[in-house]
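Notes for the one structure printed next.
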Amino acid sequence: MKIRTAKYIVKEGILNVYKNKLMSLASIGIIIASLLLFGIFLLIVLNLDHNTRALESIPQLEVFCNYNLDETLVGDVEQAIREDERISEYRMVTKKEAFNKLKEKFEGNEDILEGYDESFLPVSFIIKLKDPRDSNEIKEKFENMSKVESVECPQRSIELISKASSWIKVISGILIAILLVISIFIISNTIKLTVFARRKEISIMKYIGATDWFIRWPFIVEGVIIGIIGAVVALILSGYGYRALELRLGNDIVSVSMGFFEMLKFRDVVLVLVLFYSFLGAVVGAIGSVVALRKHLRV
Amino acid sequence: MVEFRNVTKRYSNGTVALKNINLKIDKGEFVFVIGPSGSGKSTLLKLIMKEETPTEGDVFVNGYEVSAMDMYDVPYLRRSLGIVFQDFRLLPNKTVYENVAFAMQITEALPKEIRRQVPMALALVGLSKKANAYPAQLSGGEQQRVALARALVNNPPLLIADEPTGNLDPETSMEIMRLLCEINHRGTTVIVATHEKSIVDMLKKRVVALDKGVLARDQQKGIYTNEDKNSQIYS
C-alpha cells in the first residue's frame, strides 16, 4: 500500500465517523457498555488473583490449645512445635494478647466483653512452615494431640478463595466471550447501516476497479476509531468508579477480612485496563466492520 | 480483445440468459449489442466485466481468461475496462473533478498523473467548466459525460456501455453517441448495449443481435430492424 493510499484511507475513515455521528455515537455507547462490563469482571479477577497470591505466600498455621491448659501443659505443646523440623519459626500468643486482640476487634462496643477476662481464651501458637505443602500433615498431627483444641489453617481459606477465584475466572471468561460476540454483532449491525447507506458508492467503487481492501480499509479505520473512543471513555468511567469504590470500601474490606484481603490500587490495574480496553475496542470495531461489509463486496 | 467461446449462462433460478454464444470482437471495433429486454444483452456485458461467471464456455477479455478468473484479480480486469451505465453511477458527495480523479486514485496513480489526466478527460467530454460542480447540479446528459470521462481517464483499451442513453432525451443521446464514436476513433474498442433503433440505424456499426439468449444476427454496418418481430415491438 502506498502512503497516499494510506492517507486517503485514514481520511475517509475519520470523515465517516464524523458524517455518521449518530451511528458512531450508538456504536461508541455499545462499546463503552461492553467494555465496562468486561472491566468489572477483569477487576474482580485481578483483585482475587492478587489476594490469593499474597495469601499463598504466607505458610502459616495457628495452633489453639485447650483453654483450660495450665502453663506446663502449654509447655508440652510448645516443645512439640519446637521439635518439629518442618516448622521454621513460631510465636506464642498468650491469653492476654488474645484478649487484647479481641478487644481491638470490638472497639467501640467493649461493653460486650464486660464481665469477661482473658481466662476463657486459649493460648495459641502461630507457626510458620518451611514448606507450605506440609501444612495438611502438621495440622493433622497437632489436631490429634489431646491438649490441642484446634488448628486453624488459613491455607484452607486460601484454597477456598483460589478455588472460588478460578471458578470466577472461568465464568467471567465465558461471559466476556459472549459479551464480545454480542458487541461485535451489534457494532457490525450499526456499521451495516452506514454500509447500507453507502452501498451504491461501494458498488461503484467495485465497478471502477477498486480492490476489496481499498474499500474495506476506511470502514475498518472507522470501526477502530469508534472502538478506541469507546475504550477511552470506558477507561475514564471505570477509573472513577474504581477510585470511588476504593475510597468507600478499601478500608472496610481490609478490616472485615482482618487484613487478609486488600483491594489493588487503581494505578496497579490501570495499565492492564488500558491494554485490554484499547485492544478489545479496536479489535471489536475492526471485526464489526469486516463482518458488516462482507455481503456488499460481492459485486 | 473480447471472445466468447460456446458460452452459456444459466441463472440459479433456472433462467437461461445466454445459449451457446460464440462471438469475437477485435481491437478498435465499435459494436452495438441489441435485442429486446430479457434477450441477454446485460448478461453478456456482465460476463465481460466478471459480474457474472458463465455456466459453460470461456470468456476472454483484454488477455484475461475471465471465466476462470480468481476473484482477487477482478479489480485489475475492471481497471482495463471503462464502464458506463444507464444510471450514470456517480458519487453524489464528490465533485465532477473528484469523481473522475477517484477512478485514478483507486489505481494508486501518482498525484501528478491525476492532475494531468483528469482535465484532459473532462476536456474530451466538454465539461472542463463544470469541474467543481456536484452531480446533482448537472443535467442527465452532463452526468453521463462525467461517467464517460471517468471511464476513460485510465485509458482503458475497452469501453463498455450498458444502455448509456436509456435515461436521456434523443438529442442528448446523440451527443453521447457522438462522443462514443470519437472515443472509438482514438483507438478504444467500444461495446454498447442499447435498444435505441434510431441511433443504431444512423451510425451503421457492427450489430450483434440477441434474442432470447441466442445470437440471432451478427452484421457489419448493420441496422436495428429486420425480420425479428420481437425487436420491433421493443424498438
Side-chain angles (χ1 to χ4, degrees), chain A residues 1-24 190-223 225 289-299, chain B residues 45-46 48-53 62 64 70-85 87-94 98-115 135 143 146-156 158-162:
Chain A
M1 194 192 296
K2 298 191 171 135
I3 292 171
R4 57 179 171 278
T5 307
K7 256 192 213 160
Y8 157 82
I9 284 166
V10 172
K11 199 182 105 195
E12 281 288 299
I14 294 170
L15 270 175
N16 285 352
V17 175
Y18 183 72
K19 271 190 218 149
N20 309 312
K21 276 181 281 271
L22 212 65
M23 277 305 138
S24 304
T190 34
I191 292 186
K192 233 177 237 173
L193 289 171
T194 75
V195 170
F196 188 75
R198 300 180 57 195
R199 67 194 184 285
K200 265 183 100 179
E201 205 177 320
I202 291 170
S203 83
I204 290 168
M205 286 166 82
K206 289 227 65 172
Y207 279 121
I208 57 180
T211 58
D212 284 358
W213 280 107
F214 189 89
I215 298 171
R216 212 177 266 144
W217 272 116
F219 285 100
I220 293 178
V221 170
E222 183 182 351
I225 290 172
S289 295
V290 172
V291 171
L293 267 173
R294 230 176 17 188
K295 200 178 90 190
H296 291 276
L297 285 178
R298 280 190 224 118
V299 178
Chain B
L45 298 190
K46 280 177 182 171
I48 294 174
M49 58 180 103
K50 183 75 179 178
E51 196 181 325
E52 297 289 349
T53 309
N62 293 343
Y64 292 97
D70 201 64
M71 284 320 277
Y72 292 103
D73 294 326
V74 173
Y76 305 98
L77 164 75
R78 292 197 181 151
R79 288 174 197 182
S80 75
L81 306 171
I83 308 176
V84 177
F85 296 94
D87 54 357
F88 323 134
R89 301 203 187 171
L90 300 173
L91 299 170
N93 49 358
K94 283 184 168 24
E98 287 166 346
N99 260 288
V100 178
F102 191 58
M104 292 190 79
Q105 256 177 354
I106 278 172
T107 65
E108 306 202 287
L110 288 165
K112 208 175 83 185
E113 267 315 82
I114 296 177
R115 280 195 296 273
Q143 288 189 47
V146 177
L148 261 176
R150 181 181 66 190
L152 292 171
V153 75
N154 284 322
N155 285 320
L158 175 61
L159 183 79
I160 296 170
D162 190 1

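Naming convention: chains lettered A, B, ... in sequence-line order (proteins, then strands); numbering from 1 in each chain.
With sequence neighbours left out, Phe88(B) forms a ring pair (Phe, Tyr, Trp, His ring centres under 6.0 Å) with no residue at all. Residues passing the side-chain contact (heavy atoms from CB on, under 4.5 Å) test with Ile208(A), sequence neighbours excluded: Phe102(B), Ala103(B), Ile106(B), Arg150(B).
Using a 4.5 Å cut-off between heavy atoms, Lys46(B) makes no contact with chain A at all. Contacts of Gln105(B) with chain A are made by both backbone and side-chain atoms, with heavy-atom separations under 4.5 Å. In this structure, no portion of Lys200(A) lies under 4.5 Å from any heavy atom of chain B. Looking at Asn93(B), only its side chain comes within 4.5 Å of chain A, counting heavy atoms on both sides. In this structure, the portion of Phe85(B) lying under 4.5 Å from any heavy atom of chain A is its side chain and not its backbone.
Put simply, the side chain of Ile14(A) reaches to within 4.5 Å of the side chain of Val10(A), judged on heavy atoms.
Side chain of Arg79(B) to main chain of Gly209(A): a donor-acceptor pair is present (N/O by atom type, distance under 3.5 Å, no hydrogens or angles). Under the 3.5 Å distance criterion, the side-chain polar atoms of Thr211(A) are left unmatched by any main-chain donor or acceptor of Pro75(B). No donor-acceptor pair closer than 3.5 Å links the side chain of Arg216(A) to the backbone N or O of Trp213(A).
Chain A forms more heavy-atom pairs under 4.5 Å with one residue of Pro156(B), Pro92(B), Ala109(B) than with any other, namely Ala109(B). Your options are Leu90(B), Thr107(B), Leu91(B), and the one with the most heavy-atom pairs under 4.5 Å with chain A is Leu91(B).
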